[in-house]
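Working notes for the structure below.
Only this structure's heavy atoms are used, side chains among them; waters, hydrogens and symmetry mates stay out. In each ligand, atom 1 is the first atom listed, and ligand 1 is the first ligand listed.
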Amino acid sequence: MGVFEAPANLTGHEQVVFCQDKNSGLKAIIAVYSTALGPALGGTRFYPYDNEEDAVRDALDLSKGMAYKASLAGLDLGGGKAVIWGDPVADKSEALLRAYGRFVESLGGRYITACDVGTYVQDMDVIAKETRHATGRSVENGGAGDSSVLTAYGVYSGMRAAAEHRWGSADLAGRTVGVAGIGKVGRYLIGHLLEEGATVVATDISEQARAWLSTTHPQATFVDDTDALITSDIDIYAPCALGGALNDDTVPVLRAKVVVGAANNQLAHPGIEKMLAERGILYAPDYLVNSGGVIQVSDEIDGFNFERAKRRASQIFDITGRLLRTADSEGVPPAVAADRMAERRMAECGRLRSILLP
Ligand code: NAD
């Protein structure tokens, strides 16, 4: 795929950098979608792609998503993302991570990295030996630590806003929430839900996750799989595993009237947002409600302060409410309204830089 001839949904990137260090085996692609609102922040995915085209496509797609996420969350950040093409278990080494860090540094702060699939806080500590532009480092090293804490808090805040929009009350007590994916985010989310008095039904493919649920929260119910979860009597569905949770098979049978979850790219393809609206299911856009993670790690840029980051993440409640009302008044699904709001802020605030300062 020629970068300049990429499909329409992937074009428009400011900069795409290919990085190679033969000695350590590093092959990385850093994609900067936009710096209209500030430095392009986004994680580094370490993944054994089948081919180079898939790696490029993922970097382009994910970096665009980050720009929209930061914009809608009201952050002064652009959108970027990087992929390291390789097997994180077999190929990761100190030299490879540090070589990558040097490439990040070479961009002079236009791109700021963080964790993603296949990279962890310990990796960011290593990368940060070579660059000032790494977030998501460990708390011992001045970092924000595990971003799933505020991701879950943001999802919970977005869920309360969606409940208020749908039922007139943000209170989740007495509501039944189906959580698919009892991973890092799912676990914190389940904690918030139970604390508020919601009933939790959850599923995961991992035995270890099932054991964690029955030991930590015996009052929650475990169901065998996602099909059983979405066809059970739930008010709210929270996809917290992989992308594509809302698709041609799941939306027609979904019992929930509200969908709010952490997983990225929940809509399997364009048009699903209309199917949800036609079935009267309120969908809070994934990249808005899961922006607590980027809020958490971006706080490191100013010297990490958990309480400040949490206050920022709690604004997801207000932004979600505003977005859902805007979608109603514009007569479009929330996913469409979210894209419009994100694009508007990038255009309006990004334009201000054309006013020359002394
Ligand atoms: P995780 O890997 O810790 O947890 C994912 C869980 O989903 C695992 O327990 C896994 O066993 C389970 N799972 C996988 N396939 C499943 C299936 N078919 N059915 C049921 N369960 C399944 O990941 P996480 O950090 O908790 O992230 C969850 C989702 O939220 C991901 O899509 C991630 O991209 C997104 N997200 C995470 C963050 C963050 O800060 N961690 C931020 C934004 C978005």
Considering only protein heavy atoms, which is closest to [atom], and at what distance to one decimal place?
atom: atom 19 (N) of ligand 1; result: Thr226 OG1, 3.5 Å
atom: atom 35 (C) of ligand 1; result: Ala262 O, 3.3 Å
atom: atom 33 (C) of ligand 1; result: Asn264 ND2, 4.1 Å
atom: atom 43 (C) of ligand 1; result: Asn290 O, 3.7 Å
atom: atom 18 (N) of ligand 1; result: Ile205 CG2, 4.0 Å
atom: atom 8 (C) of ligand 1; result: Asp204 OD2, 3.5 Å
atom: atom 26 (O) of ligand 1; result: Val185 N, 2.8 Å
atom: atom 22 (C) of ligand 1; result: Ala241 CB, 3.5 Å

- Query: Are Lys310 and Asp299 within salt-bridge range, i.e. N to O under 4.0 Å?
  - Reply: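 A salt bridge is absent here (no side-chain N lies under 4.0 Å from a carboxylate O).
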- Item | Stepwise ring pair (Phe, Tyr, Trp, His ring centres under 6.0 Å) check, His192 with Tyr153 | CA-CA 8 Å; His192 291 306; Tyr153 180 67; 5.8 Å; yes
- Task: Applying salt bridge (charged side-chain N to carboxylate O under 4.0 Å, His left out) between Arg45 and each of Asp58, Asp61, Asp123, Asp54, report the one that passes.
- Result: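 Single salt bridge (charged side-chain N to carboxylate O under 4.0 Å, His left out) partner of Arg45 among Asp58, Asp61, Asp123, Asp54: Asp58.
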Under 4.0 Å from ligand 1, counting heavy atoms only, is it the side chain of [X], its backbone, both or neither?
X: Ala263; result: both
X: Thr151; result: side chain
X: Ile182; result: backbone

With a 3.5 Å distance limit and no angle check, can you tell me whether [X] reaches the backbone of [Y] through a side-chain donor-acceptor pair?
X: Arg110; Y: Gln15; answer: no
X: Ser157; Y: Phe317; answer: no
X: Lys92; Y: Gly118; answer: yes

- Kindly identify the option in Lys69, Lys184, Gln208 whose heavy atom sits closest to atom 23 (O) of ligand 1. Lys184
- Spacing of Thr119 atom OG1 and Leu97 atom CG [to the nearest 0.5 Å]: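 Atom-to-atom, Thr119:OG1 and Leu97:CG are 9.0 Å apart.
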- Over all heavy atoms of both residues, which pair between Thr320 and Val289 is shortest? Give the atoms and the distance, please. OG1-CG1, 4.1 Å
- Query: Just which atoms of ligand 1 are under 4.0 Å from any heavy atom in Ser147?
  - Reply: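 That gives atoms 39 (C), 40 (O) of ligand 1.
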- Message: Looking only at side-chain N and O atoms, does Ser148 offer a donor or acceptor that is under 3.5 Å from a partner on Asp146?
- Response: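 Yes, Ser148 and Asp146 have a side-chain donor paired with an acceptor closer than 3.5 Å.
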- Message: When you measure from the heavy atoms of Cys240 to every atom of ligand 1, does any distance fall below 4.0 Å?
- Response: yes
